[in-house]
Amino acid sequence: MCKYNIILYLVLPFFLLLSSFSLRCNAVQSDIDCLKSIKDSLEDPLNFLNSTWKFDNQREGFICKFAGIECWHDDESRVLSLSLPDMGLKGEFPRGIKNCTSITSLNLSSNEIYGTIPSDISHLIGFTIMIDLSSNQFSGAIPTNIANCSFLNSLKLDNNNLEGPIPPEIALLYRIKNFNVANNMLTGPVPRFINATFPPESYANNAGLCGPPLALCVTERVVSRQTLFACGFVTGWSLFTVLGIYLFFFGLPGVKKMLLFINKRTKVMVIDGNEWPQREEVNNDPKILKMEKIVTRMSFMELSKATLNFSQDNEIGNGMLGKVYKALVPNGWTVAIKRFHVSEDLEEEFVSEITTLGSLRHPNLVPLIGFCYERDERILVYKYMPNGNLHEWLHSTDDKARLLDFPLRVKIVLGVAKALTWLHDGGNFHVVHSNISTQCILLDENFDPKLSNFWEATLAKTNDIDSNLSLFPIVECLDFTTYNKDVYRFGVVLLELLTRKESYILSCSSLNLSSSSFASLLDVDKLLLGQGYDNMVMQLLELASDCMKFIPDQRPTMQEVYQTVSAIARVHDQTGDSEIQLHLD
């Protein structure tokens, strides 16, 4: 028996490791199978999918390059969003999407998809935040089961051939902020949502729909006429009688005590010493409504529950704006929750982070998932980055810094340069971050960098931009000197990576950077020297010196910086330096 126990102890760890690897592979494979099924089930006359969805390359994360696909991470085949609008796709709703188990957003609008919406749709895409099936050829009834997609923030079913009533259960979707079923053949009463109201335009051109905000239903008109006088008379007489009795026996103080007693009987929850009603009233502040169009609004109660009442055990950071907590939300995602310090002075920073970062999507920007705006609480919810920030890796211990070998540091520099290049010149948006530092460069599980802290960012526009994206005036244009601020701070980050000296020391020394004497290997982190990369280290030192030149107009653009770093990463030095293999596309 003892011998068998020993064998069990030796075999069990390998079995668990194999099981874990198998589960991960299966999870990744399921998303690949998901997209294969979608491609096979839909006709693609315009050749959008056939030209980009190639499954012959099985490298990790290859599906993240597909048109319309956004992944949780570029190097991990887990689909976050599927967006295929206006692609001429034909067929029925692709049931294979159930294998994309991490999907949060589905947009199949403006295609030629027909048939009924699946009656078990919540089993296929139960964790989605946004569903857009508008402008297709869907027919039949809206399935009641869609009400089980409890995370829905936006549901668009307009411009189809749907008929029958709107399931009343849909009104229980307490997160819903955007709902549209216009231009169908729906009948019956409009649902009364528990946490939102929608304008008549959301129900337009459905001749059989009735009830607020549309015309009253026939039954409602009859009942209202018959009962209006009776209800008013009975209610008024009852209140008058009760008030008269209390005034007679107790006087005004008695009325005050009665109201206090009723108030105390209201259900409350005590959090951080404050009483919170179990259902927060809907805030119709226009500022909040605009933010909800950018990022999902979450309740304070669910975030408090996820962090065990913001327990210190869950705290992973404490910065100038507030504390950060690690939490596991009900759909299984691990998130980082930033709870702002209670201060009116931070309101602008809170809104700026939402309107800027919430409007941008790039592989090297940290995803902003949601926000909370209740009473004095200002909370932001981000995707969790398991490797923390770059500053901790550089300055905590030599052992941690040693793990950041030169190829990995170049990978981080390249990702940051790529993000800033896109922000400065990425299309309709021109954004200056204004606060680049190693503290705001977060690292995911693969050490890919993600820029955060956009509360000082400046947003400019070149073409038409949705006015809902900004709550503050948008800068019409940015002069070159504002971009140069980011270039300078990038140079500081680059020097910090190469020397492991604190940024404040490097900034104080910037006046000397115009001289070639600064670009010396004597200042470089000793962990990088003698590893075969000295020549490339020297080139990066010179690039940092150019970025930090005292005269802004003499600094390179971020596009030029990115091209330089890309070229250095590809170098195969004649002295024997090994080529650094990085994803440069």
Side-chain angles (χ1 to χ4, degrees), residues 85-86 105-111 113 116-117 121 128-147 149-228 231 279-297 373 464 466-469 471:
D86 199 21
S105 178
L106 174 64
N107 184 353
L108 297 176
S109 62
S110 301
N111 285 291
I113 301 176
T116 59
I117 299 173
I121 190 169
T128 47
I129 296 172
M130 189 278 286
I131 298 176
D132 189 348
L133 303 178
S134 61
S135 300
N136 279 286
Q137 299 173 12
F138 285 107
S139 58
I142 299 175
T144 302
N145 180 261
I146 205 168
C149 297
S150 57
F151 292 94
L152 270 181
N153 180 271
S154 176
L155 177 60
K156 296 182 179 181
L157 304 175
D158 51 291
N159 293 287
N160 280 285
N161 300 312
L162 299 171
E163 55 188 8
I166 302 175
E169 291 85 355
I170 285 183
L172 301 177
L173 290 171
Y174 73 96
R175 298 172 185 264
I176 198 78
K177 301 301 176 187
N178 193 349
F179 180 73
N180 196 332
V181 292
N183 301 305
N184 281 286
M185 298 179 288
L186 299 171
T187 58
V190 168
R192 297 184 179 182
F193 290 86
I194 61 174
N195 221 13
T197 56
F198 300 103
E201 292 77 16
S202 294
Y203 308 100
N205 297 322
N206 286 279
L209 285 182
C210 59
L214 306 177
L216 290 177
C217 299
V218 175
T219 55
E220 290 179 323
R221 294 195 199 106
V222 173
V223 170
S224 62
R225 290 172 181 173
Q226 290 179 345
T227 60
L228 181 60
C231 289
R279 181 176 297 280
E280 184 78 14
E281 288 188 13
V282 179
N283 195 326
N284 291 321
D285 186 332
K287 179 171 64 176
I288 299 176
L289 296 178
K290 286 183 178 181
M291 289 191 291
E292 287 177 340
K293 294 181 179 180
I294 304 172
V295 181
T296 300
R297 186 181 178 191
Y373 192 109
D464 292 336
D466 186 353
S467 60
N468 290 326
L469 293 181
L471 306 182

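Note: hydrogens, waters and symmetry copies are ignored here, and every other heavy atom, side chains too, is used.
- Ring geometry for F198 against F193 counts as perpendicular: the plane angle is over 60°, on a 0 to 90° scale with 30° as the lower cut.
- Shown here for N153 and R297, the closest heavy-atom pair between the two residues is ND2-N, 4.2 Å.
- Under a 3.5 Å cut-off, the side chain of N145 and the backbone N or O of I121 do form a donor-acceptor pair.
- Residues M130 and N107 come closest through the heavy atom pair CE-CB, 4.0 Å.
- Among all heavy-atom pairs drawn from L173 and I176, the shortest one is O-CG2, 3.0 Å.
- Checked options V295, I294, L289; the residue passing with E292 is L289 (criterion: side-chain contact (heavy atoms from CB on, under 4.5 Å)).
- Without hydrogens or angle criteria, N136 side chain to N111 main chain gives a donor-acceptor distance under 3.5 Å.
- Atom CG of L157 and atom CG of L186 lie 8.5 Å apart (nearest 0.5 Å).
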Show me the donor-acceptor pairs within less than 3.5 Å that the side chains of residues 207-215 make with the rest of the protein, sequence neighbours left out.
none

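- Counting heavy atoms from C-beta outward, L162 and V181 have side chains that stay 4.5 Å or more apart.
- When atom types are taken as modelled, the side chain of N206 and the backbone of N184 share a donor-acceptor pair closer than 3.5 angstrom.
- Taking CG from N161 and OG from S139, the interatomic distance works out to 6.5 Å, rounded to the nearest 0.5 Å.
- T296 OG1 to L152 CG: the interatomic distance, rounded to the nearest 0.5 Å, is 10.0 Å.
- The minimum heavy-atom distance linking N180 with S202 is given by the pair OD1-O, 3.3 Å.
- From T128, atom OG1 reaches atom CZ of F151 across 10.0 Å, with rounding to the nearest 0.5 Å.
- Formation of a donor-acceptor pair under 3.5 Å by the N178 side chain with backbone atoms of S154 is not found in this model.
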For a side-chain contact (heavy atoms from CB on, under 4.5 Å) check, start with the C-alpha distance between F179 and I166, then their side-chain angles and the critical distance, and finish with the verdict. CA-CA 12 Å; F179 180 73; I166 302 175; 4.3 Å; yes
Working note: N160 + I117, criterion side-chain contact (heavy atoms from CB on, under 4.5 Å); need CA distance, chi angles, decisive distance, verdict. CA-CA 11 Å; N160 280 285; I117 299 173; over 6 Å; no
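- With no hydrogens or angles considered, no side-chain donor-acceptor pair links D158 and N183 at under 3.5 Å.
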